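Presented below is the structure to which this report refers.
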Amino acid sequence: MPELPEVETVRRGLTKLVEGSTIKSVDVLYPKMVNLPPKDFENALKGKKIDRIDRRGKYLLIRLSDHLTIVSHLRMEGKYDVELDGAPLDKHTHVVFHLTDGRELRYNDTRKFGRMNLVDTGTEMSVAGLKTIGPEPTEQALTLDYMTAIFKKSRKVIKPFLLDQSNIAGLGNIYADEVLWLSKINPKQPVNSLKPAQIKRLRKNIITEIQMAIDGHGTTVHSYSTAYGEAGNFQNHLNVYGKQGEPCPRCGTKIVKIKLAQRGTHYCPKCQPLRGEKHE
DNA sequence: CCATCTGTTGACTG
DNA sequence: TCAGTCAACAGATG
């Protein structure tokens, strides 16, 4: 699933369904999914209560009693699901949390990329990825001063720069393409070549686009069954992602798709021209 | 069958 | 420090 809006949607769904529940036992069906030997992971969680679900960037922080936190990253296709005890297991269920009320919280992940780290609450910043995570894409956390500073000191091209979670937390491949289109910035533009007005516009678009996507319960592409919570509907608001060959909603030019830093990248060649000395 | 795609990120290379 | 490549893994698509 996850970019930030999708993870936030999962967080809200999980909160509704399992906040306050107590874990009776845990089955780890795919050992590589967790950071501890499976038996240790299972034993440590027995009898713990789910106090709250937090989020940082694309990471879920499942807060448990006795100062424990599960740091859960869904990567490409991780999903949580709640079933009644004993319902047939999905082929791709890798961790089952049996609850004391007769339900099961299950973690499903077709590609097995997701990871869960069980840590003491307060030490979650030691988990790789959270160590260096950048500010949340919000009005308060993502200040213009910060944006200006990081953009000034890097010569990287902007698309991969936006995907780097240590710069800004939560943007993934879809929203990176979308905010660049909204801001009329070419994905290959070096970040230190952006004008102050462009940085300002980009910041604004990042903040509002992420918020609008959260309000729309995230984006659902392909025919993934929605993890949880409400079905996303933000896919109806996408302007360039997956729209290669279709007319740009702003100028009618055909959207093109290129490969940049190994990721599919969609943009309008007319609205988002590459500026500066470098041409091609 | 084969090549290539996919909402992620961390490790490795030169 | 950085850009490029690959790897984890499974399934869909052409």
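All values below come from the heavy atoms of this structure, side chains included, with hydrogens, waters and symmetry mates left out. Just so you know, these numbers come straight off a predicted model, no measurement behind them. Note on naming: letters A, B, ... go to the chains in the order of the sequence lines (proteins, then strands), and numbering restarts at 1 for each one.
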Given atom [atom1] of [X] and atom [atom2] of [N], what is their separation to the nearest angstrom?
X	N	atom1	atom2	answer
A/Leu163	B/dT9	CG	P	8 Å
A/Glu77	C/dA8	CD	P	17 Å
A/Arg155	C/dC2	CZ	C1'	9 Å
A/Arg263	C/dA7	CZ	P	17 Å
A/Phe113	C/dA8	CZ	C1'	5 Å
A/Ile174	B/dT8	CD1	C1'	12 Å
A/Lys259	C/dG4	NZ	P	14 Å
A/Lys79	C/dA10	NZ	P	14 Å

Whether the [X] and [Y] side chains hold a donor-acceptor pair (N or O, under 3.5 Å, no angle test) is what I'd like checked.
X	Y	value
A/Tyr175	A/Thr219	yes
A/Gln198	A/Arg275	yes
A/Asn108	A/His92	no

Qualifying salt bridge (charged side-chain N to carboxylate O under 4.0 Å, His left out) pairs with a residue from residues 139-150 of chain A, counting only residues at least two apart or across chains: A/Glu139-A/Arg203, A/Glu139-A/Lys204
Of all pairs that satisfy salt bridge (charged side-chain N to carboxylate O under 4.0 Å, His left out), the ones with a partner from residues 97-106 of chain A, not counting sequence neighbours: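 Every salt bridge (charged side-chain N to carboxylate O under 4.0 Å, His left out) pair that includes a residue of residues 97-106 of chain A, provided the two are not neighbours, is A/Asp101-A/Arg103, A/Glu104-A/Arg106.
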Strictly by ring-ring contact (aromatic ring centres under 6.0 Å, His included), give each pair with a member in [range] just once, sequence neighbours left out.
range	value
residues 112-133 of chain A	none
residues 3-28 of chain A	none
residues 136-165 of chain A	A/Phe151-A/Phe161
residues 24-44 of chain A	A/Tyr30-A/His94

Distance below 4.0 Å between [X] side-chain N/O and [N] OP1 or OP2:
X	N	value
A/Lys58	B/dT9	yes
A/Gln262	C/dG4	no
A/Lys257	B/dT4	no

Options [options], nucleotide nearest the side-chain atoms of [X]:
X	options	answer
A/Arg75	B/dT6, C/dA8, C/dC9	C/dA8
A/Lys112	B/dT6, B/dG10, C/dC9	C/dC9
A/Gln165	C/dG11, B/dT9, C/dC2	B/dT9

Connected-component partners of A/Ile255 among ILVMFWY, side-chain separation under 4.5 Å: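 ILVMFWY cluster around A/Ile255 also holds A/Trp181, A/Leu182, A/Val240.
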Co-members of A/Val96 in a cluster of I, L, V, M, F, W and Y side chains, linked at under 4.5 Å: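 Reading the cluster by chain and number, A/Val96 sits alongside A/Leu29, A/Leu89.
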Name of the residue among A/Lys159, A/Lys188, A/Gln244, A/Lys259 meeting side chain to side chain donor-acceptor pair (under 3.5 Å) with A/Thr265: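 Answer to the side chain to side chain donor-acceptor pair (under 3.5 Å) test with A/Thr265 among A/Lys159, A/Lys188, A/Gln244, A/Lys259: A/Lys159.
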Sugar-phosphate, base or nothing in reach of [X], heavy atoms under 4.0 Å:
X	answer
A/Lys153	nothing
A/Ala261	nothing
A/Phe161	nothing
A/Gly264	sugar-phosphate
A/Arg115	nothing

Within residues 27-39 of chain A: residues closer than 4.0 Å to DNA chain B (heavy atoms): none
Sequence-distant partners of A/His237, ring pair (Phe, Tyr, Trp, His ring centres under 6.0 Å), two or more places apart: A/Phe234
Close residues, residues 87-94 of chain A, relative to DNA chain C [heavy-atom separation under 4.0 Å]: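 Hits under 4.0 Å, by residue number: A/Lys91, A/His92.
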Dot-bracket summary - DNA chain B, pairs being Watson-Crick or G-U whose distances fall under 3.5 Å, with | when paired to another strand: .|||||.|||||||
